[in-house]
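The sequence lines fix the lettering, A, B, ..., with proteins before strands; numbering per chain opens at 1. Side-chain atoms are counted along with the backbone in the values below, which use heavy atoms only and exclude waters and symmetry mates.
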Amino acid sequence: MDFAKLFPLPVVASAHGHKIDMEIYLVHLLMFLLFAAWALFFVIVLFKFRKKRNPQADYSGVKFPVAIFFAVAVALFEAVLLMGFSIPFLAEQVNALPNRPDTIEVRVVAEQFAWNIHYPGLDGVFGKTDVRFLDKQSNPVGLDPHDPKAKDDIVTINQLHLPIGRPALIHLRAKDVMHSFSIPVMRVKQDIIPGMSVATWFTPTQTGQFEIACAQLCGLGHYRMKGFLTVHSREDFDKWLDEQAAAVKEAPADDFWQ
Amino acid sequence: MILQGRSFLRRCIFSTDHKVVGIQYGITALFFLLFGFCLMLLMRWQLAYPGTPIPWIGQWLGENRAPGGVVLPEFYNELGAMHGTIMVFLGVVPLLVGAFGNYLIPLQIGAPDMAFPKLNMASYWTYLLGGLTMLVSFFVPGGAANSGCTAYPPLADIATAGQTVWLLGMVCIITSSLLGSINFITTIFQLRAEGLTFMRLPFFVWAQLITSFLLLLAFPPLEAAGILQLFDRVAATSFFLPSGLVVSGEPLKVSGGGSALLWQHLFWFLGHPEVYVILLPSMGIVTEIIVNNIRRPLYGYRTMVYSVIFLGLMSFIVWAHHMYLTGMGTALSAFFQTTTMIISIPSVVILSCLFLSLWGGSIRFNTPMLFALSFLPMFGIGGLTGLPLGVATVDIHLHDTYYVIGHFHYIVAPGTIFAIFAGIYYWFPKVTGKRMNENLGQLHFWPSLFLMNGIFMPMFIQGLAGVSRRLYDGGAQYAHAQGVLHLNVGISMCAWLLALFQIPFIVNLIWSMAKKEKAALDNPWEATTLEWAAPTPPPHGNFREIPKVYRGPYEYSVPGAAKDFTPQSEA
């Protein structure tokens, strides 16, 4: 039987996702083995040594240091989990950021109860931002209207678009309280603490529409702080980017930036 | 006796007798436990049937909490935060430490009372003050604390007034714990009976000793943090508020420059030892009961003692495993993952020792024993499901999901609370001189065991599917939750039935207390430790004469002995 089928995990749509799943299977395998061993012993002992069957208890009982052997076995398995899987994975996925030239960079600014998505636009450079320029409706990330680099930046609310097969580097910040950027199908989750900037990255391997969830209690609307991630084919993504860029250019400057 | 001349008030309310304080703690904490459980029963309606009015009870909750009987998101968050706070800080810990610890430690070490009886009384009254403060917070404008029982800033810093009251309550509760722990440590070091060496202490006393050190060393950082958050809220400081916060489109008018992450470190520096504050006394209770009912000595007493000391030490360097996703680097997370894996080893050793002790026993299945035995597999599940959460990689998927809820509830609900029930059934004859009814006990045990699993097992499935915790509608908004949403109805049904099957316990408790027993037995379970050598119920001062101790705590079925138990105080 396929061990993996027993787990109700969501589908995996990112390049690193199956590594996390593999470790979920492994650690649960260890748990099942341990629990089964204990449970079997437990049931046998409760039956074998019940008072009716064994009226006289034995003063000396088990004479071997079984508990120590058991502990050593568990320690070895845990060492394999950590050194064989978890720490190398973290080193390459969490500590190192992608250095491929086709990496796409996006900034996400979380607030009660929405995800503001900020693309650098055609020049590939993020414009300056500052809280002074924030406006909930027209300028949710606080782009500086005097910065020429900001003129072509694309800002969307709750709509993250990414191309398939290119690493996506997401810079996360929060405006107000703690949030957590979670995309279950991508096996991505990253707490966002106000005052700190933190990055996470993944490489989508499936096109389609997925959900972004907030995974950290952020107030009364926490449960509906939902965003959408659309993974396009590379061509479709370029097309979408062009459309957005054109829309930004067309927007009358006075309307948008004042 | 000394007591006879005193008024009822001095004897039963403002008493410095450790047994009275213990009973006061026990009764108060059981009420809080029931109250915290009821909060959860309300939440389970909203999770099973989101957006529908709660039948009968809903209309009494008030228009500002549940208009038309439908719970508001704000109120749901209040329920969640207060359920966690009340169950842990006002229910479970006061029962394990305040009630069992206070009542049993002097008896088990052969002492006439605690080292500082007045401090002991002060500890209870400070606790009660903290508890009442928590209850009052439901009635301040904006309701009780609603930022989770972890109270993470900035959310908690900018929350409604209930959070201020919560912090005041926490300061009282922590102060009470500190008073208690100093007392326990001094008592165990100074007042042991003659001949009672450390390696002859009952395992329960060892567990309480280590627990007291944890309380003493881990609580002050949280008390400090609580006072800092209080300053943030009422004195406009910014200990936990960084610069540049914008709430609802408006810049927050604070000086800024603080760190929100600092709170998490301070909170979890208590938070993790707190887990062992809950766990160690439970293990102690369970050990006493199991060893008494298998009628043979404990397997690996020394190993268990060393394990429990090691657990206590390690519990101070694992706290950041609650914070893997805060942006922690690999070097730091590698350290905390390693310590987390290491701390699982002594737990495995203790559990294995208890399992192996059963071998060769002559096992009696009475109600306390059933609860104590079921603690083993239930705590086993709770502990094992901690492993994936302790591995930072897996935690990426499982962090803040229902898997976490399932994991720690297996430890505190069918684990610790079963240990508490076991302890109540087991020591009730010593406290009152009467036995609890065995049939009602079984009627309490079996349904509770099945229903506890019915509640928490499906949560692992929801968690693996990626459903976040603390969602007002249980995740109904999300596509990935759809496949496991229907489980909520079953979970809620189990929770409500669980409430129903606590009635036999309550009836049993009151009825057994009221009934008349012909002759109180001093040692109904034929146990070996010192509390059973005291008269029943023990008078002020505990023993007729201070006992002398001649042997280890668990000398059952000694070859050549006349009976199958040899009490510690028997020459």
Side-chain angles (χ1 to χ4, degrees), chain A residues 7-10 20 23-24 27 31 34-35 38 41-42 45 49-51 54-59 61-62 66-67 70-71 74-75 78 81-82 86-87 89-91 94-95 131 134 136 175-178 180 184 187 189-191 193-195 198 211 213 215-220 223-224 226, chain B residues 73-74 148 152 154-155 242 244-247 249 251 260-261 295-296 299-300 325-327 329-330 333-334 337 341 345 348-349 352-353 355-356 358-364 380 384 387-388 391-394 396-397 399-400 461 464-466 468 470-473 477-480 557-559:
Chain A
F7 291 85
L9 295 168
I20 290 184
E23 194 149 354
I24 292 181
V27 69
M31 289 153 60
L34 261 177
F35 191 73
W38 271 334
F41 180 81
F42 196 44
V45 162
F49 294 105
R50 67 188 197 277
K51 195 179 177 189
N54 193 38
Q56 179 55 48
D58 174 16
Y59 183 76
V62 182
V66 188
F70 208 55
V74 173
E78 288 178 348
L81 274 178
L82 278 200
S86 186
I87 294 173
F89 174 88
L90 291 168
V94 177
N95 235 31
V131 274
L134 273 181
K136 208 169 162 78
K175 279 187 193 175
D176 38 29
V177 301
M178 231 184 121
S180 185
R187 302 293 187 273
K189 193 178 288 160
Q190 177 63 54
D191 286 0
I193 298 167
V198 62
E211 286 168 342
Q216 186 67 254
L217 182 64
C218 61
L220 60 94
Y223 72 103
R224 55 178 159 82
K226 181 164 85 161
Chain B
E74 299 90 312
Y152 281 0
L155 185 64
L245 289 181
V246 179
V247 179
L261 189 59
R295 316 305 294 166
R296 58 169 305 272
Y299 171 90
L325 297 189
T326 52
T330 303
S333 81
Q337 288 184 81
M341 292 300 128
I345 304 296
V348 167
V349 170
S352 300
C353 283
F355 274 122
L356 290 168
L358 301 173
W359 187 272
S362 172
I363 304 171
R364 306 188 302 207
L384 287 172
L387 280 180
V391 178
T393 326
V394 179
I396 293 174
H397 183 59
H399 177 75
D400 258 326
I461 298 169
L464 283 166
S468 286
R470 292 169 167 173
L471 295 175
Y472 165 65
D473 57 3
Q477 305 261 331
Y478 292 102
H480 62 259
S557 302
V558 182

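- Residues Q216(A) and L155(B) have side chains not in contact (no heavy-atom distance under 4.5 Å, counting atoms from C-beta outward).
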Could you walk me through whether F355(B) and V62(A) pass the side-chain contact (heavy atoms from CB on, under 4.5 Å) check? CA-CA 11 Å; F355(B) 274 122; V62(A) 182; over 6 Å; no

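- If you measure heavy-atom distances from V27(A) to chain B, the contacts under 4.5 Å come from the side chain alone.
- Chosen from V394(B), L471(B), L464(B), the residue pairing most often with chain A at heavy-atom distances under 4.5 Å is L464(B).
- The shortest heavy-atom contact between L220(A) and P73(B) is O-CB, 3.3 Å.
- A donor-acceptor pair is defined here as one N or O able to donate and one able to accept, closer than 3.5 Å; such a pair exists between the side chain of N54(A) and the backbone of G361(B).
- With a 4.5 Å cut-off on non-hydrogen atoms, S468(B) touches chain A through its side chain but not through its backbone.
- Between F89(A) and I396(B) there is a side-chain heavy-atom pair separated by less than 4.5 Å.
- Each of G249(B), G300(B), A260(B), A479(B) has some count of heavy-atom pairs under 4.5 Å with chain A, and the biggest count is that of A479(B).
- Both the backbone and the side chain of P154(B) come within contact range of chain A, with heavy atoms under 4.5 Å apart.
- When all heavy atoms of A71(A) and V349(B) are compared, the pair lying nearest together is CB-CG2, 3.6 Å.
- Checked against ring-ring contact (aromatic ring centres under 6.0 Å, His included), Y472(B) has the following partners two or more places apart in sequence or in another chain: Y223(A), Y76(B).
- For S557(B) against A57(A), the heavy-atom pair with the smallest separation is OG-CB, 3.4 Å.
- Considering every non-hydrogen atom in both L325(B) and Q190(A), the closest pair reads O-NE2, 2.7 Å.
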CA sep, side-chain torsions, deciding dist, call: L90(A), Q337(B), side-chain contact (heavy atoms from CB on, under 4.5 Å): CA-CA 11 Å; L90(A) 291 168; Q337(B) 288 184 81; 3.1 Å; yes

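- Taken from CG in L356(B) to CZ in F41(A), the straight-line distance is 5.0 Å, to the nearest 0.5 Å.
- Residue contact with chain A, scored on non-hydrogen atoms closer than 4.5 Å, involves the side chain of Y152(B) exclusively.
- Both the backbone and the side chain of I87(A) come within less than 4.5 Å of a heavy atom of chain B.
- For the pair Y478(B)/P184(A), no side-chain contact is recorded, criterion being any heavy-atom separation below 4.5 Å from C-beta on.
- Looking at heavy atoms from C-beta onward, V74(A) lies out of side-chain contact with M341(B) at the 4.5 angstrom threshold.
- Interface remark: L217(A) contributes backbone and side-chain atoms alike to the contact with chain B (heavy atom separation under 4.5 Å).
- Looking only at side-chain heavy atoms (C-beta outward), T393(B) and I24(A) stay at 4.5 Å or farther from each other.
- Side-chain contact between H397(B) and L9(A): present, with at least one pair of heavy atoms (C-beta onward) separated by less than 4.5 Å.
- No side-chain donor-acceptor contact under 3.5 Å links S362(B) and Q56(A).
- Side-chain contact between V348(B) and F70(A): present, with at least one pair of heavy atoms (C-beta onward) separated by less than 4.5 Å.
- Under the salt bridge (Lys or Arg N to Asp or Glu O under 4.0 Å) criterion, E211(A) pairs with K226(A), sequence neighbours left out.
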Worked check of side-chain contact (heavy atoms from CB on, under 4.5 Å) between R224(A) and D473(B): CA-CA 9 Å; R224(A) 55 178 159 82; D473(B) 57 3; over 6 Å; no

Passes side-chain contact (heavy atoms from CB on, under 4.5 Å), D176(A) versus L245(B)? Steps please. CA-CA 5 Å; D176(A) 38 29; L245(B) 289 181; 5.6 Å; no

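- In this structure, R470(B) CZ and C218(A) SG are separated by 11.0 Å, a value rounded to the nearest 0.5 Å.
- Among the candidates G195(A), A213(A), P8(A), the residue making the largest number of heavy-atom pairs closer than 4.5 Å to chain B is P8(A).
- Here the closest heavy-atom approach between residue N95(A) and residue G329(B) is recorded as OD1-CA, 3.6 Å.
- Residue contact with chain A, scored on non-hydrogen atoms closer than 4.5 Å, is absent for P251(B).
- F49(A) contributes atom CZ, which lies 9.0 Å from atom CG of L358(B) (distance to the nearest 0.5 angstrom).
- Heavy atoms only, all atoms of each residue included: S352(B) and W38(A) are closest at OG-NE1, 3.8 Å.
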